[in-house]
Structure formats: C-alpha cells, structure tokens
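Written out below as structure tokens is the structure these notes cover.
We name chains A, B, ... by the order of the sequence lines, and we start the count at 1 in each one.
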Protein chains: 2
Amino acid sequence: MAAYVRQMLQKGPLHARIIERFDEMSEQLQQAARHVLEHPQEVALVSMRELSRNAGVQPSTMTRLAKFLGFTGYEDFRGHHADVIRVRTDGFAARALQEDEGAGNGEGLAFRMLQGLSAQISRLCEPDTIRHLNTMADHLTKARRIYVLGLRSCHSVAWHFHYVMTLLGEKTIHLDGPAGTSGDPLIRATHEDVLLAISINPYSLQTLELAEAAREKGIAILAITDSEVSPLVTIAEHVVLFPTESQTFFHTLTPALAVSEVLCGLLASHDRAGALEELKRADKHLSAMNTYATSIPRRKI
Amino acid sequence: MAAYVRQMLQKGPLHARIIERFDEMSEQLQQAARHVLEHPQEVALVSMRELSRNAGVQPSTMTRLAKFLGFTGYEDFRGHHADVIRVRTDGFAARALQEDEGAGNGEGLAFRMLQGLSAQISRLCEPDTIRHLNTMADHLTKARRIYVLGLRSCHSVAWHFHYVMTLLGEKTIHLDGPAGTSGDPLIRATHEDVLLAISINPYSLQTLELAEAAREKGIAILAITDSEVSPLVTIAEHVVLFPTESQTFFHTLTPALAVSEVLCGLLASHDRAGALEELKRADKHLSAMNTYATSIPRRKI
DNA sequence: AAAAAAATGCAACAACTGTTTTACCGATGC
DNA sequence: GCATCGGTAAAACAGTTGTTGCATTTTTTT
C-alpha cells in the first residue's frame, strides 16, 4: 500500500488529485478522468475538443472535470499538465519566464533567478556537454598559446579565464587592448596556437571579424557560445554551448562563467604538479608585492 | 566535426532540419528559428501567437518558417514537435540510458565541478540571502550613483555588473582606471552615493584602501564578499555573502556573478518601464553603431 | 537612378477554441 | 401523479487560433 502511494506521488500531484476524488465523480466525469489518467500528456498536446472526442465524452464534461478538481477552468488544467512536461526536461525556467507578467516583479524574483541559474548549470552536466568540455580542454592543453577573445558582455568571462590562467603560467593572451589594438597580438600567432572566442547573441561584430581573420591565418578557433546557429559555430573547430536565458531583461553569463571555470579546472588537472608549482610562484610574487591584506589598512596620514 | 553532427542528430531530426537551412533564412526567420531551437517543446505547448510573441516575431513569420522548412503549415510543424514529446516519454529507454551514462561518468572533474556550482547557487536561495539581496537592491536603487569596485579575480564580477547597468542608464561608475587612477572618480562622490565593493580572500589591498577612503568620505559601503570575517564586513553598511570553494586549486566566482546578476535583475524590476525604455535606447544606439552581427562578416579586400 | 525582387508588417478571414447557457432526460421523494 | 433535482447533451457565445492576401519597406539588380 505504501508502494502504491509512492507511485501516485511519483506520477505527480495531478494523478494523485484525480485518483483521490475519483469515487465522488459521476459516470461521465469518471470516463473523462480515466482517459486523462491514461494519457496525461495528451491534455497538453491536443485541444480539449479532440481530447473529449478521444475520451468519448462531451466537451463540456472536460470543463466540468477541471472545475471539479479545483481548477479555475480547463485551460488552467492544461497549463498544469504542460508544466509537468516542461519540468521533466527543462527544469522550470520556461515557466518562470512565462509568468513574469502575472506574478509581477515583486518578492520572488531573486529566488526564481537563483533557482533558474542553478538548474541551468545542472543541465550542463549532460554527457554531451561534458564530452565537449573535455575535448576542448584537450585542445587547449595541446596548444602552444591561447588567445582569449570576449567583448562587451562576454568580457567578464574572457577576462576571468585569462586571469586564472595567468596564475598557471603565460600560456594565454587576452585580446582587448585599448584604442582598437585588441587584435594586434595575433600578429605573432602561429598555427600551433588557438583562439578561444566567447560570444553570445547579439554577437559583437568585432569578435566575429577578429575570429574570421584568425581563422584565415590558420589558427584554430575554439568557441564558447550560446547556440548551435551562432556564427562562431561555422568557423570553429570545437564548440561548447551554454544557456543564457534569464527571468530578466538581460542574458545571464553565469553558466558561461561556470563553463570557463571548468575549463580552467580541467587544464590545471592535466598537469597538477606544474600547476601547483606555478601557483606557488605567483603567490610568492604577489606577497612580495604586498598585493593582499586581511584587514582594513591603517590610513597613512 | 563528426561528433558535432552526432549531437545534432541526438537532439532530433527537427533540430537538424532547422540548423541545416538556417543560413538560407531571412533575418526574421532566423530569429524565429533561434527561438524554436532553444525552446523546442514550447512549440507544442503554447499557441503560435504566444510563441511568436516570446520570439519577438510576427505570427505570420512562424507560419512562414514552418512552410520554409517543408511543412504544410504551422499546425503540421507543431504536430511533429508534439510527437517528439510523446515518443520521448513513451520510449524512455534512451533517457534512462543517458542518465546512466551521466551517473557512471561521475568520476569526471567537469561533472563534479558543475554539480558543485549548481548546488552552491541553489544554496543561495536561502531566505536569509534572499533578504540580504533585496535590501541591498533597495539601497542601490535609492543611491544617486553607484561606484563599482572589484579588482583582480573580482574584476569580472564588478565589470559585468557595471556593464549591465550601463544598459539601464548612467548610474554606475566603474573604478578601474589605468595607471593607478582607479580611485579618481571618487573625487566627486557625495554622501548620497554608495560604493559597491566586491572582494574575496585573499583580499586585494588596493580594494580595501579605496573602500576605507570612501567610507571616511561618508560614502556608504555595500559589500559582496566571501565571509563574515571579510575585512569589508567591518566597514560595510550591508553585506551579501557567497561561497567560493571549488574542486580545483582556484576559487570559483560563478556564485558571485550569479549574485551580481540577481542584483541587476532586482534593480531593473524596481522600474520595469524605465528599464525597458533605457534598453530600447541602448539597442538603437548600438545598432546605429553597427556593433552587432549575426553571421561571419565578408572579408574586406 | 530606376526597376525588380524579396522580406516584412498589418489587417481581415474563417475555423476552431474553451466556456456558458439552455433544454431534455430519468430518477427520487412527497 | 407531479414536482424536483442532479446529470447529461446540444447549441450558442465570445475570444482566439492559424492562415492568407495586400501594402509597405528593404534589398538587390539592372
């Protein structure tokens, strides 16, 4: 019996709700409910009239069933079934996005955003993405030098990747010189080097131009971008994709930063000893330079 | 490249079909197609008009997209997407296999890192943190001007916050001038302004000095940092904490970035209309400046 | 610079949606 | 017997759907 209850809950609260009140229903309602129980997803996928036809029931009976179960109407009922489908694959980012008009700005935004971000990063764990991350890390390891390119919104990701890598050695060169000199370091790039390009929609023209120029010089392009139809995909040797959707007006770059940190981690783990060595050296240098402190410094007068 | 094709096929023949002919599409068709690629199941779950609204496209464009891809009409298109949902749940063998592979591959560093990051962000949903985020957003809203300070590893977070905020207006000033001038803009700061300081252990001395100087000028300090015993906590009016542990040699800044994005989201939601207005203006400016593109530009000879 | 073609927005259309109302049916109670 | 009531079917309803043709803009070609 406990197993039975568990199964009910596993199938979702909608099933439970229907089964619970099944005995109170009239004959027609039961027939409708029986059909819904056996084809839950059809509720979201076809129109009510078609569903009622398949169930051998009048359309109005479906509306009555929905209201009987405590929904405001059949559309409410269908909405819940659609959510079940969404949650199974997507987390619930899409739903939160949809109701942003109804729920208004208010209290829940911070919560919804964080939940969404967590789900998005969790979805990056798909074996597909993991595999891509690993092969990209391999390529980065083999490269003689890594040119890092990310402009505008992607600057933060590019710079962070570069910064962490500088702690590990001198393998990366960040392409964001001032006064339009960003691309200049590519002058000395060879075919042993790679360009790590980061860009999201809308794609910065300058990034695309630089990447294309690099490709024509025979430099392999590795792209971190947001879509299979990103322009970078067409010219890149390897691609890692990340989501950017958020519940706000803006795109999120948190998943992108996560990707870049994972790459740093993989690169460091390919040569643990060397990485530790370099880190120690950096540490020594920075403390000699008096870069850090652990308390608010006394004011020099 | 072969691996890439395989991924396409895994996502289903519909994805492949769209990606295949993506380049031939007109601008609007591409925008619609891009949305469909990112939300395949929504095609089956919501009406065409709603989908077109979410994609930022005319209803007719969706019909045109469907026909362009060789379907008899949009309803045909939707039908195929519904079938994808149906077979995915009925024949769940593939899905189970995937999960299995993922669990078995649990050894991988990439997998562990992403799981960890997801959990850390999820932990930020605690009501405590949410409350701190909200009150900090309130203070940021009330401030006349926001000076943003984050050096070294925290540069990415500070810059990203500043960048997003520039899309919303001129409220923020980023303190990272070259040649040691980072603190100079504080010259014109008043007690109506606030300093948003971001720092993690080891704490950059320069950040602490600048923050202390600002505090002595009567500027309120808002801190985003990693610990209750961070030096910033002692001088800050309000604090938001985030975790930085990771499975690598380095600290992670992904949770920090998430926090900063949530703050941006909250600030924008405090004045939805105004934010939308500013975003439109920024959009117009950037497209006038020819900043963005959606395909690899032709080489100028 | 003019003409042709393609792409896009807009508005009207019939068909269909979910809902509500109305009318009918059969059982139950007085 | 007839009045009453819950249950069901049928029809009417307003709103929305996907589609289409047309006018306008943008791009390309001549």
Side-chain angles (χ1 to χ4, degrees), chain A residues 14 21-36 39-83 98 101-102 229, chain B residues 14 18 21-36 39 41-83 280 283-284 287-288 290 292-295 297-298:
Chain A
L14 287 178
R21 305 203 51 200
F22 192 82
D23 300 327
E24 309 168 37
M25 296 180 194
S26 73
E27 195 179 337
Q28 294 294 301
L29 282 188
Q30 287 196 352
Q31 188 166 339
R34 190 171 285 120
H35 187 81
V36 169
H39 311 277
Q41 53 209 350
E42 292 301 305
V43 176
L45 295 178
V46 306
S47 78
M48 183 198 79
R49 284 177 125 100
E50 188 167 340
L51 189 74
S52 71
R53 234 171 287 137
N54 295 339
V57 153
Q58 287 284 334
S60 21
T61 307
M62 284 296 172
T63 299
R64 290 177 184 132
L65 175 64
K67 293 195 170 174
F68 177 85
L69 291 171
F71 299 91
T72 66
Y74 183 82
E75 296 207 306
D76 188 12
F77 189 50
R78 138 178 300 183
H80 280 75
H81 280 266
D83 284 342
Q98 244 186 354
E101 220 70 49
V229 292
Chain B
L14 287 179
I18 297 175
R21 305 205 50 202
F22 189 82
D23 298 327
E24 310 167 36
M25 297 180 193
S26 74
E27 198 178 331
Q28 293 295 300
L29 283 186
Q30 287 197 347
Q31 187 165 338
R34 191 173 279 124
H35 188 82
V36 170
H39 311 274
Q41 59 218 0
E42 293 299 305
V43 177
L45 295 178
V46 305
S47 77
M48 184 199 78
R49 286 176 124 100
E50 189 166 341
L51 189 72
S52 71
R53 236 171 284 136
N54 295 339
V57 151
Q58 289 281 340
S60 21
T61 306
M62 284 295 173
T63 299
R64 287 170 185 147
L65 175 66
K67 294 195 170 176
F68 176 86
L69 291 171
F71 299 91
T72 66
Y74 183 82
E75 296 205 305
D76 187 13
F77 189 50
R78 140 179 299 180
H80 280 73
H81 280 267
D83 285 341
K280 257 181 209 153
D283 217 43
K284 205 167 285 181
S287 70
N290 205 23
Y292 297 123
T294 50
S295 65
R298 284 252 154 272

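Few gaps surround CD on B:E24; more than 12 heavy atoms of other groups in view lie less than 6.0 Å from it.
Place A:T61 and B:P59 on DNA chain D by their nearest nucleotides, and A:T61 ends up nearer the 5' end. Comparing B:S60 and B:E24 against DNA chain C, the residue whose closest nucleotide sits nearer the 5' end is B:E24.
Residue B:K67 has its side chain nearest to D:dT20 when only D:dG21, C:dT20, D:dT20 are considered. Minimum atom distance to the side chain of A:R49 is reached by D:dA12, of the listed D:dA12, D:dT19, C:dC10. Nearest nucleotide to the B:Y74 side chain, out of C:dC10, C:dT19, D:dT19: D:dT19. Of the listed nucleotides (C:dG9, D:dA9, C:dT17), C:dT17 has the atom at the smallest distance from the side chain of A:S47. Across C:dG18, C:dT8, C:dC10, the shortest atom-to-atom separation from the side chain of B:Q58 is found for C:dC10.
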* To do: Begin with the C-alpha distance, continue with both residues' side-chain angles, and end with the deciding distance and a verdict on side chain to side chain contact (heavy atoms under 4.5 Å, CB included) for A:L51 and A:M62.
  => CA-CA 9 Å; A:L51 189 74; A:M62 284 296 172; 3.9 Å; yes
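Ring geometry for B:H81 against B:F77 counts as perpendicular: the plane angle is over 60°, on a 0 to 90° scale with 30° as the lower cut.
Inter-residue side-chain proximity for B:R53 and B:E50 is flagged as met; some heavy-atom pair is nearer than 4.5 Å.
Below the 3.5 angstrom threshold, one finds a donor paired with an acceptor across the side chain of B:R64 and the base of C:dG9.
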